[in-house]
Amino acid sequence: MYYELHLTATPQPSSVLPRFQTTCADLEGKAVLIELPEGEHPQQPMFSAVIQSDDYQTVFEQYVQSLRDAGLTLDNLVLPQ
């Protein structure tokens, strides 16, 4: 089964964004920079990927750990049902 996986990281200084982009590419995903019109954090980096798996929970946890291992802090982790 195919799933879309979106994981939002805490706001990063612009100097860290190239590392974020490289990490996303290494994980075969895309780096997306969410731009909000207002708020405390108007720019939010997000990892996005389409994955194929019969065990979404395990894959979700693996991606979360891989991004954390790369030094990123992730926000609002909710496993979609």
Side-chain angles (χ1 to χ4, degrees):
M1 184 169 256
Y2 286 92
Y3 299 95
E4 286 189 34
L5 179 64
H6 304 284
L7 300 170
T8 304
T10 56
Q12 305 288 316
S14 58
S15 61
V16 176
L17 292 178
R19 180 172 55 92
F20 177 73
Q21 291 172 313
T22 300
T23 300
C24 291
D26 289 347
L27 294 172
E28 299 181 7
K30 291 183 184 178
V32 177
L33 187 59
I34 300 168
E35 302 258 355
L36 302 174
E38 57 185 50
E40 184 178 348
H41 303 291
Q43 290 188 335
Q44 300 174 5
M46 181 179 75
F47 170 81
S48 178
V50 175
I51 57 173
Q52 182 179 12
S53 175
D54 291 328
D55 187 355
Y56 184 81
Q57 181 170 351
T58 298
V59 172
F60 176 86
E61 291 167 0
Q62 289 171 343
Y63 276 96
V64 167
Q65 190 59 53
S66 293
L67 291 166
R68 286 181 174 155
D69 290 347
L72 298 166
T73 303
L74 303 175
D75 282 339
N76 301 322
L77 293 178
V78 177
L79 181 64
Q81 300 297 319

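Positions are given from 1, in the same order as the sequence printed here. Bear in mind the structure is a predicted one, so any value in this text is a computation, not a measurement.
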Between Tyr56 and Ile51, is a side-chain contact (heavy atoms from CB on, under 4.5 Å) present by the stated rule, with each step listed?
CA-CA 9 Å; Tyr56 184 81; Ile51 57 173; 3.8 Å; yes
Please test Leu7 against Val64 for side-chain contact (heavy atoms from CB on, under 4.5 Å), starting from the C-alpha separation and ending with a verdict.
CA-CA 8 Å; Leu7 300 170; Val64 167; 4.0 Å; yes
Show me, pair by pair, the donor-acceptor contacts under 3.5 angstrom made by side chains of residues 13-31, not counting sequence neighbours?
from  : atom 1 : to    : atom 2 : distance (Å)
Arg19 : NH1    : Ala70 : O      : 2.4
Thr22 : OG1    : Pro18 : O      : 3.0
Thr23 : OG1    : Arg19 : O      : 2.9

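Applying the side-chain contact (heavy atoms from CB on, under 4.5 Å) rule to Glu38 yields no partners; only residues at least two apart in sequence or on another chain are considered. For Gln12, the side-chain hydrogen bond (donor to acceptor under 3.5 Å, both in side chains) criterion is met by Thr10, not counting sequence neighbours. Considering only residues two or more places apart in sequence or on other chains, Thr58 meets the side-chain contact (heavy atoms from CB on, under 4.5 Å) condition with Asp55, Gln62. Partners of Ser66 according to the side-chain hydrogen bond (donor to acceptor under 3.5 Å, both in side chains) rule, which considers only residues two or more places apart in sequence or in another chain, do not exist here. Taking Gln65 as the reference, Arg68, Asp69 meet the side-chain contact (heavy atoms from CB on, under 4.5 Å) condition, with sequence neighbours excluded.
Counting side-chain heavy-atom gaps under 4.5 Å among Ile, Leu, Val, Met, Phe, Trp and Tyr, the cluster of Val32 also holds Ile34, Leu36, Met46.
The two residues Val59 and Ser53 make their nearest non-hydrogen contact at CG2-OG, 3.3 Å.
Cluster membership for Tyr3 and Phe60, using ILVMFWY side-chain heavy atoms within less than 4.5 angstrom, is shared.
Gln43 CD to Leu33 CG: the interatomic distance, rounded to the nearest 0.5 Å, is 4.5 Å.
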